Number of protein chains: 2
Amino acid sequence: MPIQARRERERAERARLIVTAARELAEAEGWDAVTTRRLAAEIEYSQPVLYSHFRGKGAIMAAVAAQGCADLAAELRRARTAARGTREALAAVARTYTSFGRRRPALYDAMFTHLVDLPFAAREAPAPLREAFAELLLAVEPAAAEGDDPGLLTETFWAGLHGLVTLTRGGRLPERAHEARLALLIGRFAGD
Amino acid sequence: MPIQARRERERAERARLIVTAARELAEAEGWDAVTTRRLAAEIEYSQPVLYSHFRGKGAIMAAVAAQGCADLAAELRRARTAARGTREALAAVARTYTSFGRRRPALYDAMFTHLVDLPFAAREAPAPLREAFAELLLAVEPAAAEGDDPGLLTETFWAGLHGLVTLTRGGRLPERAHEARLALLIGRFAGD
DNA sequence: CTCTCACGCCTAGCAACGCTAGAAATCGAT
DNA sequence: ATCGATTTCTAGCGTTGCTAGGCGTGAGAG
């Protein structure tokens, strides 16, 4: 039955279409503009079609978030492997991370602030997310002191980056001195 | 005209009633449960009354956030003044901050994640917010190195705390090792 | 080639949301 | 007691996420 295979292929294609439409719409006009009606119009289908692919709007955002994690992981990897020394790699990764968060705010929000539908801290976290974290770890680990747990240290460093991104973009911290704050954070984690 | 004075007093009282009702409802059931209808029922008035006091739901959340900042500032002050040395004060303030964020998540969200109606980074930031930041600054400043800008250092430390709070509560970081991560962060900012 | 049946899609609608207009009621002043 | 203004409520608008039920299309059997 090759015909059913074609159907499934078309379905998968349409699911991808939904996710990319949601991402593009969110990045262009913010998540508030991503309504089920608007999204349905964008993909040129009716609303209920969305629900035959995803449980609801939250699930669509989760899919977008997963894709975003893959993007972030790729960017981090590129930055890390292009850097020379330990401290340079840490700085490059940190700069790339905050740049990502400020360059693509809607995507970042879906990944790290809005959503809860994705199992993050658990073992069964989605692969792209684990990859992104692994990239951070690879950059932080060489800079760790003797007694420090690299995993915990990475999580703490991540928290610092995340805090800088969200507080700055939410208007809690002035954009101006972002670079200075970032340098300060890197300095505190570079292990002298 | 003492009668007009009484009216204004009653109005102010009702405004306070609205804010505390919103805060309590949010802390009990989350901000999703805080609808204008529900809130109106809670204060035993009709919906439009809310709009005679506040521009909209966002303004109510802003008022709750301002009150939350005052609460946080008070807690931080207590923790800081009760501590002995420089490092102890920093640790006490940090512990109090994350405790606040995890103990009162709805309030914390209104203050630092959801809202944008409040001018934060600007000069005309609300007084309670400036007080809370000032408390952080008083704890961080003594631990600063020679060349570091205390203000920027405090903002960076704040970002670390904020990241720990939000990532942990959003399920991105496991609750388990929170204390260890916090200790790690404090250690990186205690200036040895 | 035709009939049948099942699957997939769309139209229509539900409850709830934030917010607002205009009627109704209340209360002080004359 | 009546007027006038202020306050409050009823009712409703447009939009949201989501769902039920009918309709059309197209694959498979004879």
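Every chain is numbered from 1, with letters handed out A, B, ... down the list of sequences. On a predicted model such as this, the values are computed, not experimentally measured, just so you know.
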For Asp71(B), check side chain to side chain donor-acceptor pair (under 3.5 Å) against everything at least two apart and list the hits.
Arg104(B)

Using a cutoff of under 3.5 Å, can you pull out all pairs of nitrogen or oxygen atoms linking the protein to nucleotides 19-26 of chain C, with atom names and distances?
unit_1	atom_1	unit_2	atom_2	d
dC19(C)	OP2	Tyr51(B)	OH	3.0
dC19(C)	OP2	Lys57(B)	N	2.8
dC19(C)	O5'	Tyr51(B)	OH	3.4
dC19(C)	N4	Gln47(B)	OE1	3.2
dC19(C)	N4	Gln47(B)	NE2	3.1

Rounded distance in Å - NE2 (His53(A)) to C1' (dC18(D))
16 Å

Short side-chain N/O contact from Thr35(B) to OP1 or OP2 of dC17(C), under 4.0 Å
yes

Applying the side-chain contact (heavy atoms from CB on, under 4.5 Å) test to Val140(A), which of Thr156(A), Thr86(A), Thr154(A) qualifies?
Thr154(A)

Just how far, in rounded Å, is P of dG17(D) from CZ of Arg38(A)?
12 Å

Report which part of the nucleic acid Arg14(B) touches: base, sugar-phosphate, or nothing (heavy-atom distance under 4.0 Å, all strands).
sugar-phosphate

Round to a whole Å and report the spacing from CG of Leu39(A) to P of dT16(D).
12 Å

Measure the distance from CH2 on Trp31(A) to P on dT16(D) and round it to the nearest whole Å.
15 Å

Arg95(B)-Ser99(B) side chain donor-acceptor pair, cut-off 3.5 Å:
no

Taking every non-hydrogen atom, the tightest pair across Ala70(A) and Pro128(A):
N-CB, 3.7 Å

Nearest-Å distance for atom pair CG/P, residues Asp32(B) and dC17(C):
10 Å

Measure the distance from CG on Leu50(B) to P on dT7(D) and round it to the nearest whole Å.
16 Å

Examine His162(B) together with Phe157(B) and report whether their ring centres are nearer than 6.0 Å.
no

Give the rounded distance in Å between these two atoms: CD1 of Ile18(B) and P of dT8(D).
10 Å

By salt bridge (Lys or Arg N to Asp or Glu O under 4.0 Å) - contacts of Glu44(B) (at least two apart)
none

Just how far, in rounded Å, is P of dG24(D) from OH of Tyr45(A)?
19 Å

